[in-house]
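Side-chain atoms are counted along with the backbone in the values below, which use heavy atoms only and exclude waters and symmetry mates. By convention here, the first residue in the shown sequence is residue 1.
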Amino acid sequence: ALHSGAALSHSSAEARSAMRGAQRLRKVSGLPSECSACGGPGVPNPFVPTREYCGDRYSECKCCRATVQSKLAGVCNQFRGHGSCIDGIKAAIAKKKANCAHQQRIDDYNKAQRQQAIDDAMGLARANATSDASLGPFDNDCASWQDPSCHEYDALCKPSYGCNRQLWKDMKNWDGVKSWYGMYVNTPCFR
């Protein structure tokens, strides 16, 4: 009977050890992906002696901690002077937004200046278009001193409605449209 009791207690100890191993197997740590290089191959073996198992887990923990601290230092060193790392990052985001808003104001100002220059040029063109001056690509042909001269050919040379003047207006309009279309095509979309 004594022999069977000893056998019973020995088998109980084995059962408890197996149960602890199964419990350990269920407690596989949820380490962050940054620590993937710290773990051993696959799932830790819960059936090795407790001291060895815990030593392996401790080594994995130290490795992961060192990795995470290194990652933290790498990022947080860029954002010092604001209390915490997160406060520093928040301050950097606010500064970046302010810089972006400032750059957008500069871009808007420059765009307005370009528009004003174009408007001024177009205003000059409109002012010239309403005068009686003969401007256009056929000015030489419409000159009275030219031989032969189309000066008397009103459909071509009349300053108020002749084709020479109308073509000049169309060319100026096209130059403006072409310039604006070029700006449209080449404007990056940052907003």
Side-chain angles (χ1 to χ4, degrees), residues 28-39 60-146 150-151 153-191:
V28 173
S29 67
L31 295 177
S33 61
E34 291 81 1
C35 298
S36 60
C38 293
E60 188 176 357
C61 179
K62 283 192 335 184
C63 173
C64 187
R65 187 165 181 234
T67 300
V68 169
Q69 287 176 344
S70 174
K71 298 272 186 191
L72 278 168
V75 171
C76 293
N77 283 341
Q78 301 171 53
F79 304 101
R80 293 179 180 254
H82 297 278
S84 73
C85 181
I86 292 175
D87 288 342
I89 293 171
K90 286 178 181 178
I93 289 170
K95 183 177 179 182
K96 189 174 190 177
K97 285 181 179 179
N99 288 343
C100 186
H102 177 70
Q103 185 60 47
Q104 288 173 351
R105 285 191 300 276
I106 290 171
D107 292 346
D108 290 346
Y109 174 81
N110 289 335
K111 180 180 174 183
Q113 293 300 323
R114 287 190 304 270
Q115 177 64 46
Q116 186 62 47
I118 290 169
D119 289 348
D120 290 348
M122 292 303 291
L124 179 61
R126 280 190 283 281
N128 287 339
T130 57
S131 74
D132 282 346
S134 294
L135 294 175
F138 295 98
D139 280 350
N140 284 338
D141 297 305
C142 292
S144 58
W145 49 263
Q146 192 71 320
C150 298
H151 178 70
Y153 197 84
D154 290 348
L156 176 64
C157 299
K158 185 74 173 176
S160 58
Y161 63 83
C163 184
N164 185 39
R165 168 62 77 171
Q166 300 305 317
L167 177 58
W168 178 83
K169 289 178 186 178
D170 290 342
M171 287 171 33
K172 294 302 175 188
N173 188 30
W174 171 241
D175 286 344
V177 169
K178 190 168 51 171
S179 294
W180 277 103
Y181 183 72
M183 283 190 268
Y184 164 75
V185 169
N186 295 305
T187 299
C189 184
F190 291 124
R191 295 180 192 205

Quick one: does [X]'s side chain get under 4.5 Å of [Y]'s, heavy atoms only?
X	Y	value
D141	C157	no
R114	K111	yes
Q113	Y109	yes

Heavy-atom pair with the smallest gap, counting every atom of F79 and A92: CE2-CB, 3.5 Å
Side chain to side chain donor-acceptor pair (under 3.5 Å) involving Y161 - partner list, sequence neighbours excluded: none
Under the side chain to side chain donor-acceptor pair (under 3.5 Å) test, residues paired with Q116 that sit two or more places apart: D120
From [atom1] ([X]) to [atom2] ([Y]), nearest 0.5 Å:
X	Y	atom1	atom2	value
R105	D107	CZ	CG	11.0 Å
C142	N164	SG	CG	4.5 Å
D108	Q103	CG	CD	10.0 Å

Cystine candidate C63-C38, SG separation under 2.5 Å: yes
Within 6.0 angstrom of Y153 OH, more than 12 heavy atoms from elsewhere: no
CG/L72: more than 12 non-hydrogen atoms of other groups inside 6.0 Å: yes
Pairs meeting criterion side chain to side chain donor-acceptor pair (under 3.5 Å) with involvement of residues 77-92, two or more places apart: N77-R80, S84-D87
